[in-house]
Amino acid sequence: FKQKTAYEISLGLVGSEMCIRDRVIIYDQTARFCSSMRLMTKAGLNTIDSLRIAKDTFRNRYLRSEVDIVVNKVTSGTSLSQAFSKSTIFPNVFQQLLSSGDIGSQISLMFEKIKDFLDQEVQTRRNVLLTLLQPIVILTMGVFVMLIVLAIMLPLLQMNNLIFTL
């Protein structure tokens with residue numbers, strides 16, 4: 001599994017749509033981030049320290065740098081939901097639920113809901129990808145079986161032709 005560089009992922013975001021695999025990766029890593037944030041905010045750690053610790057859950061350097069930007073904005077006085085809303089990489093549902101949690105002072109609960117939603121979304125998208133992959137695998141196996149049968153049958157047919165031509 002090759003990790004994308006910041007340049008590669010930013011190029012993927014220039015187009016109107018990211019590929020399904022990129023979305024699954026972002027959703028999966030964001031769900032892990034939300035799980036860490038929920039645990040830390042529920043334990044009573046302040047938001048800035050929680051962000052700094054939880055950003056290490058991202059494997060992708062670009063996503064980590066986005067959280068660094070958010071940490072800087074929150075440190076300068078911006079609310080958590082406004083800081084995340086400036087980022088284009090995080091899913092809209094993440095930003096909307098975080099905004100409602102920020103307004104209602106239930107950040108920990110919202111991080112849990114975001115994590116559950118993103119986990120479900122990742123599972124759904126993986127199922128779709130696997131469903132699309134099944135016919136391709138079946139066709140590939142059929143081609144290999146056909147090649148094996150031809151590899152066995154062609155010499156037999158050639159021997160049969162040699163016998164009858166003599």
Side-chain angles (χ1 to χ4, degrees), residues 1-40 50-51 53-71 81 83-101 108-166:
F1 183 73
K2 181 186 169 229
Q3 186 172 349
K4 284 190 168 193
T5 63
Y7 176 72
E8 289 172 324
I9 199 163
S10 65
L11 274 182
L13 297 175
V14 170
S16 61
E17 285 292 318
M18 283 189 281
C19 97
I20 293 174
R21 187 186 67 117
D22 289 342
R23 282 192 190 273
V24 169
I25 291 169
I26 289 172
Y27 283 14
D28 187 46
Q29 290 190 19
T30 305
R32 192 172 331 122
F33 170 78
C34 288
S35 177
S36 298
M37 284 296 294
R38 183 190 72 79
L39 290 172
M40 286 184 275
S50 298
L51 284 169
I53 294 169
K55 84 169 182 189
D56 293 332
T57 59
F58 287 116
R59 292 185 215 147
N60 188 291
R61 283 178 265 149
Y62 182 72
L63 292 171
R64 262 188 256 144
S65 70
E66 285 289 317
V67 175
D68 274 334
I69 293 168
V70 169
V71 169
S81 59
F84 272 108
S85 69
K86 303 290 185 216
S87 175
T88 58
I89 191 82
F90 294 103
N92 287 337
V93 70
F94 172 83
Q95 295 169 358
Q96 291 167 354
L97 285 173
L98 195 60
S99 176
S100 69
S108 183
L109 177 65
M110 281 305 142
F111 275 123
E112 183 177 3
K113 289 186 183 221
I114 295 167
K115 177 204 162 299
D116 292 341
F117 175 79
L118 291 176
D119 281 341
Q120 182 181 2
E121 192 70 22
V122 166
Q123 189 64 34
T124 303
R125 288 176 189 251
R126 283 182 182 160
N127 287 342
V128 166
L129 286 173
L130 289 176
T131 302
L132 293 174
L133 199 64
Q134 282 177 341
I136 295 170
V137 170
I138 290 171
L139 286 173
T140 304
M141 288 176 60
V143 167
F144 281 125
V145 168
M146 181 184 73
L147 290 174
I148 291 170
V149 168
L150 285 176
I152 292 170
M153 292 301 292
L154 281 178
L156 290 175
L157 290 174
Q158 287 175 352
M159 285 181 11
N160 192 21
N161 285 342
L162 282 174
I163 291 172
F164 284 119
T165 55
L166 293 175

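Each residue takes its place number in the sequence, starting with 1. FYI, side chains are in, hydrogens and waters are out, and symmetry mates aren't considered; it's all heavy atoms of this structure.
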Shortest non-hydrogen contact from [X] to [Y]?
X: Ala31; Y: Lys115; result: O-CG, 3.5 Å
X: Gln29; Y: Asn60; result: OE1-N, 3.5 Å
X: Asp28; Y: Val122; result: N-CG2, 3.5 Å

Please report the interatomic distance [atom1]([X]) to [atom2]([Y]), rounded to the nearest 0.5 Å.
X: Ile152; Y: Leu147; atom1: CD1; atom2: CG; answer: 11.5 Å
X: Ile114; Y: Ser35; atom1: CD1; atom2: OG; answer: 12.0 Å
X: Cys34; Y: Leu39; atom1: SG; atom2: CG; answer: 11.0 Å
X: Arg125; Y: Asn127; atom1: CZ; atom2: CG; answer: 12.5 Å
X: Ile89; Y: Leu63; atom1: CD1; atom2: CG; answer: 5.5 Å
X: Arg126; Y: Leu133; atom1: CZ; atom2: CG; answer: 14.0 Å

Next on the checklist: As a quick check of understanding, evaluate side-chain contact (heavy atoms from CB on, under 4.5 Å) for Val67 and Phe33, giving each step before the final call.
Outcome noted: CA-CA 10 Å; Val67 175; Phe33 170 78; 4.3 Å; yes
Item to check | Salt bridge Arg64-Asp68, side-chain N to carboxylate O under 4.0 Å | outcome: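 Here Arg64 does not pair with Asp68 in a salt bridge, since their nearest N and O are not under 4.0 Å apart.
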Item to check | Check against side-chain contact (heavy atoms from CB on, under 4.5 Å), Leu150 and Met146 | outcome: CA-CA 6 Å; Leu150 285 176; Met146 181 184 73; 4.2 Å; yes
Checklist entry - Between Phe111 and Phe94, what is the ring plane arrangement, given parallel below 30°, perpendicular above 60°, and tilted in between? => result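 Aromatic pair Phe111/Phe94 classed tilted.
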Checklist entry - With under 30° as parallel and over 60° as perpendicular, where do the rings of Phe90 and Phe84 fit, or are they tilted in between? => result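 If you compare the ring of Phe90 with that of Phe84, the planes turn out perpendicular.
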Item to check | Sidechain-backbone polar pair: Arg32 side chain, Thr57 backbone, donor-acceptor under 3.5 Å | outcome: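 Yes, Arg32 side chain to Thr57 backbone: donor-acceptor pair under 3.5 Å.
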Checklist entry - Where the side chain of Ser99 meets the backbone of Gln95, is there a donor-acceptor pair that is under 3.5 Å apart? => result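 No.
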Checklist entry - Between Leu51 and Val70, does a side-chain contact (heavy atoms from CB on, under 4.5 Å) hold up when you go through it step by step? => result CA-CA 8 Å; Leu51 284 169; Val70 169; 4.2 Å; yes
Checklist entry - Quick one: side chain to side chain donor-acceptor pair (under 3.5 Å) partners of Glu66, sequence neighbours excluded? => result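 Tyr62, Ser87.
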Item to check | Residues forming a side chain to side chain donor-acceptor pair (under 3.5 Å) with Asp56, sequence neighbours excluded | outcome: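 Checked Asp56 against side chain to side chain donor-acceptor pair (under 3.5 Å); zero matches.
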Next on the checklist: Restricting to side chain to side chain contact (heavy atoms under 4.5 Å, CB included), what partner residues turn up for Met110, sequence neighbours left out?
Outcome noted: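 With neighbours one apart ignored, the set is Leu97, Ser100, Lys113.
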Find out whether [X] and [Y] are in side-chain contact, i.e. whether some heavy atom of one side chain is under 4.5 Å from a heavy atom of the other.
X: Val71; Y: Lys55; result: no
X: Gln123; Y: Asp119; result: no
X: Glu121; Y: Thr30; result: no

Checklist entry - Should Leu98 and Met37 be marked as a side-chain contact (heavy atoms from CB on, under 4.5 Å) after you check the CA-CA gap, both sets of side-chain angles, and the distance that decides it? => result CA-CA 12 Å; Leu98 195 60; Met37 284 296 294; over 6 Å; no
